[in-house]
Enquirer: 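Dumping the structure here so I can ask a few things about it.
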Amino acid sequence: MFKTKNFVKMALVTTMAALFLAGCGGNKDPKGGSNDVLGQIKEEKKIVFGVKHDTRLFGLKNPSTGEVEGFDIDLSKALAEEMFGKDVKPEYVEVTSKTRVGLLNNGKVDAVVATMTITEERKKEVDFTDVYFDAGQSLLVKKGSKIKSIKDLKKGTKVLAVKGSTSTINIREKAPETTVLEFENYAEAFTALKAGKGDALTTDDAILYGMAEEDPSFELVGGTFTDEPYGIAVKKGNKVLVDELNKALKSLKESGKYDEIKNKWIKNSK
């Protein structure tokens, strides 16, 4: 009887301790902070942005300096300063179209600024800010190519695209007879196009302009055939952070700082 009572008491104490710890440690994200990401950012004095390293004009790692440069980088720096002044330092983690949602939801980054199109499907996984850039899907081909528009993508043609992008879905819908070859990132896709492994490369026009700038023997054709509004993504449920980002974005646009950054990088944009 004595042993049974002691066993019950020990079990009760263990259960209460577990519940207490769960209560104290609840609502923690993978980084060890609370669900209040904005508060965590202020406490840690850093905001981590997920950005691309392979997208000329938006986010490209400079091999000479090792620094990532582009519109998304400068915009995120300006947003951080607008929101926090000099008290919070922006840091950067590389993402791709395929990995950005996972890294965001795993708490590896606080916000993704990486040419990410706002779609209804993606809204089920993440929350978005207001649109920060309007792009449209287009085609990049070798100058002199017989492909002049999406209408020329017939059976037997090969189009290169990037895994995890809306471009891959769109091209299969709009040119169902063409063969789509998917690559991990834009650098690999463009290298394959230059090597003659495909007839065209498709993604947003603003990204393609960067490739054409890198190698003028390629050009965009056919205009745009989709609307691709870019938004900054945050982990779902972090409305406070979304609101603060939107306020900062609006302020940058009203002050002219946004246009200054945009005109520095995206000379051919709409």
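Just so you know, these numbers come straight off a predicted model, no measurement behind them.
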Enquirer: Would you call Glu125-Arg122 a salt bridge at under 4.0 Å N-O?
Expert: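 No, Glu125 and Arg122 are not salt-bridged.
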
Enquirer: With the side chain counted from C-beta on, respond yes when Trp265 and Tyr209 share a heavy-atom pair under 4.5 Å apart, and no when they do not.
Expert: no

Enquirer: Assess whether atom CD of Glu91 is packed by more than 12 heavy atoms of other residues, nucleotides or ligands within 6.0 Å.
Expert: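 Yes, because the 6.0 Å sphere around CD of Glu91 holds more than 12 heavy atoms from other groups.
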
Enquirer: So, the side chain of Tyr258 versus the backbone of Tyr132: is there a donor-acceptor pair under 3.5 Å, distance only?
Expert: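 Yes.
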
Enquirer: Run the numbers on Phe133 and Leu75 for side chain to side chain contact (heavy atoms under 4.5 Å, CB included), then give the verdict.
Expert: CA-CA 11 Å; Phe133 187 86; Leu75 179 64; over 6 Å; no

Enquirer: Determine whether a donor-acceptor pair (N or O, by modelled atom type, separation under 3.5 Å) exists between the side chain of Asn185 and the backbone of Glu188.
Expert: yes

Enquirer: Ion pair present between Lys247 and Asp243, side-chain N to carboxylate O less than 4.0 angstrom?
Expert: no

Enquirer: For Ala114, does its backbone N or O pair with a side-chain atom of Arg100 as donor and acceptor, under 3.5 Å?
Expert: yes

Enquirer: Please step through side chain to side chain contact (heavy atoms under 4.5 Å, CB included) for the pair Leu252 and Glu82, ending with a clear verdict.
Expert: CA-CA 8 Å; Leu252 291 178; Glu82 186 69 28; 3.9 Å; yes

Enquirer: Hydrogens and angles aside, do Tyr230 and Asp72 bring a side-chain donor and acceptor to less than 3.5 Å of each other?
Expert: no

Enquirer: Do Ile207 and Tyr186 have side chains that approach each other closer than 4.5 Å (heavy atoms only, starting at C-beta)?
Expert: yes

Enquirer: So with a 6.0 Å cut-off around NZ of Lys148, is the heavy-atom count from everything else above 12?
Expert: yes

Enquirer: Do Leu60 and His53 have side-chain heavy atoms sitting under 4.5 Å apart?
Expert: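 Counting from C-beta outward, Leu60 and His53 never come under 4.5 Å.
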
Enquirer: Could you go through the salt bridge (Lys or Arg N to Asp or Glu O under 4.0 Å) check for Arg56 and Glu214 one step at a time?
Expert: CA-CA 8 Å; Arg56 185 176 290 273; Glu214 178 184 339; 3.5 Å; yes

Enquirer: Among side-chain atoms of Glu228 and Asn170, is any donor-acceptor pair under 3.5 angstrom?
Expert: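 Yes - a donor-acceptor pair under 3.5 Å links their side chains.
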
Enquirer: Could you check, using the six-membered ring where one of them is a Trp, whether Phe190 and Phe183 have ring centers closer than 6.0 angstrom?
Expert: no

Enquirer: Has Lys61 got more than 12 heavy atoms of other residues, nucleotides or ligands less than 6.0 Å from its NZ?
Expert: no

Enquirer: Restricting to non-hydrogen atoms, name the atom on Ile47 and the atom on Ala80 that form the minimum distance, rounded to 0.1 Å.
Expert: CG2-CB, 4.1 Å

Enquirer: Identify the heavy atoms of Ser145 and Asp199 that sit nearest to each other, and give their distance.
Expert: OG-O, 4.5 Å

Enquirer: For Asp54 and Ala187, work out which heavy atoms get closest and say how close.
Expert: OD2-N, 3.7 Å

Enquirer: Assess, by modelled atom type and distance only, whether the side chains of Thr224 and Ser138 contain a donor and an acceptor separated by less than 3.5 Å.
Expert: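 There is no such pair (donor and acceptor under 3.5 Å, judged by atom type) between the side chains of Thr224 and Ser138.
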
Enquirer: Judged by modelled atom types alone, do Thr115 and Lys52 share a side-chain donor-acceptor pair under 3.5 Å?
Expert: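 Yes, Lys52 and Thr115 have a side-chain donor paired with an acceptor closer than 3.5 Å.
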
Enquirer: Same cluster or not: are Ile150 and Ile147 linked, directly or through other Ile, Leu, Val, Met, Phe, Trp or Tyr residues, by side-chain heavy atoms under 4.5 angstrom apart?
Expert: yes

Enquirer: Take atom NZ in Lys194; do more than 12 heavy atoms of anything else shown fall under 6.0 Å from it?
Expert: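 More than 12 heavy atoms, drawn from other residues, nucleotides or ligands, come within 6.0 Å of this atom.
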
Enquirer: Would Glu184 and Lys163 pass as an ion pair if we require N to O under 4.0 Å?
Expert: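 Result for this pair is yes, salt bridge flagged.
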
Enquirer: Under a plain distance cut-off of 3.5 Å, with no hydrogens placed, do Lys174 and Thr226 share a side-chain donor-acceptor pair?
Expert: no

Enquirer: Should Ile73 and Phe58 count as side-chain neighbours, where that means a heavy-atom distance under 4.5 Å?
Expert: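 They are not in side-chain contact.
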
Enquirer: Treating Asn263 as the side-chain partner and Asp259 as the backbone partner, does any N or O pair qualify as donor plus acceptor under 3.5 Å?
Expert: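 Yes; at least one donor-acceptor contact below 3.5 Å.
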
Enquirer: Judged by atom type as modelled, is there a donor-acceptor pair below 3.5 Å linking the side chain of Lys146 to the main-chain atoms of Asp152?
Expert: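 No.
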
Enquirer: Below 4.5 Å, heavy atoms only, C-beta onward: do Met116 and Leu104 meet side chain to side chain?
Expert: no

Enquirer: Does this structure show an ion pair linking Asp127 with Lys235, if we count only N-O contacts that are shorter than 4.0 Å?
Expert: no

Enquirer: Can we say Glu182 and Lys98 salt-bridge, meaning some charged N sits less than 4.0 Å from an Asp/Glu carboxylate O?
Expert: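 Looking at Lys98 together with Glu182, the answer is no, because their closest N to O distance does not fall below 4.0 Å.
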
Enquirer: Within a reach of under 6.0 Å around NZ of Lys142, are more than 12 heavy atoms found that belong to other residues, nucleotides or ligands?
Expert: yes

Enquirer: Do side-chain atoms of Asn106 reach the backbone of Lys108 as a donor and acceptor pair under 3.5 angstrom?
Expert: no

Enquirer: Do any N or O atoms from the side chain of Lys236 and from the backbone of Lys123 form a donor-acceptor pair under 3.5 angstrom?
Expert: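 The answer is yes, because a donor-acceptor pair under 3.5 Å joins these two groups.
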
Enquirer: With a 4.5 Å limit on heavy-atom distance, are the side chains of Thr166 and Glu121 in contact?
Expert: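 A side-chain contact under 4.5 Å is absent here.
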
Enquirer: Should we count NZ of Lys253 as having more than 12 external heavy atoms under 6.0 Å?
Expert: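 Yes, enclosed.
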
Enquirer: For Glu69 and Asn62, does a side-chain donor sit closer than 3.5 Å to a side-chain acceptor?
Expert: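 The answer is yes; a qualifying pair exists.
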
Enquirer: Quick one: does any side-chain atom of Thr168 pair with a main-chain N or O of Val162 as donor and acceptor, under 3.5 Å?
Expert: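 Yes.
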
Enquirer: Quick one: does Thr129's side chain have a donor or acceptor within less than 3.5 Å of a partner on Gly231's backbone?
Expert: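 Here the side-chain-to-backbone pair does not exist.
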
Enquirer: Under the side chain to side chain contact (heavy atoms under 4.5 Å, CB included) criterion, do Thr202 and Leu140 qualify, and how do the steps go?
Expert: CA-CA 6 Å; Thr202 189; Leu140 184 74; over 6 Å; no

Enquirer: Quick check against the 3.5 Å criterion: does Lys154 have a side-chain atom that pairs as donor or acceptor with the backbone of Lys151?
Expert: yes

Enquirer: Examine the side chains of Asp204 and Gln137 and answer whether a donor and an acceptor come within less than 3.5 Å of each other.
Expert: no

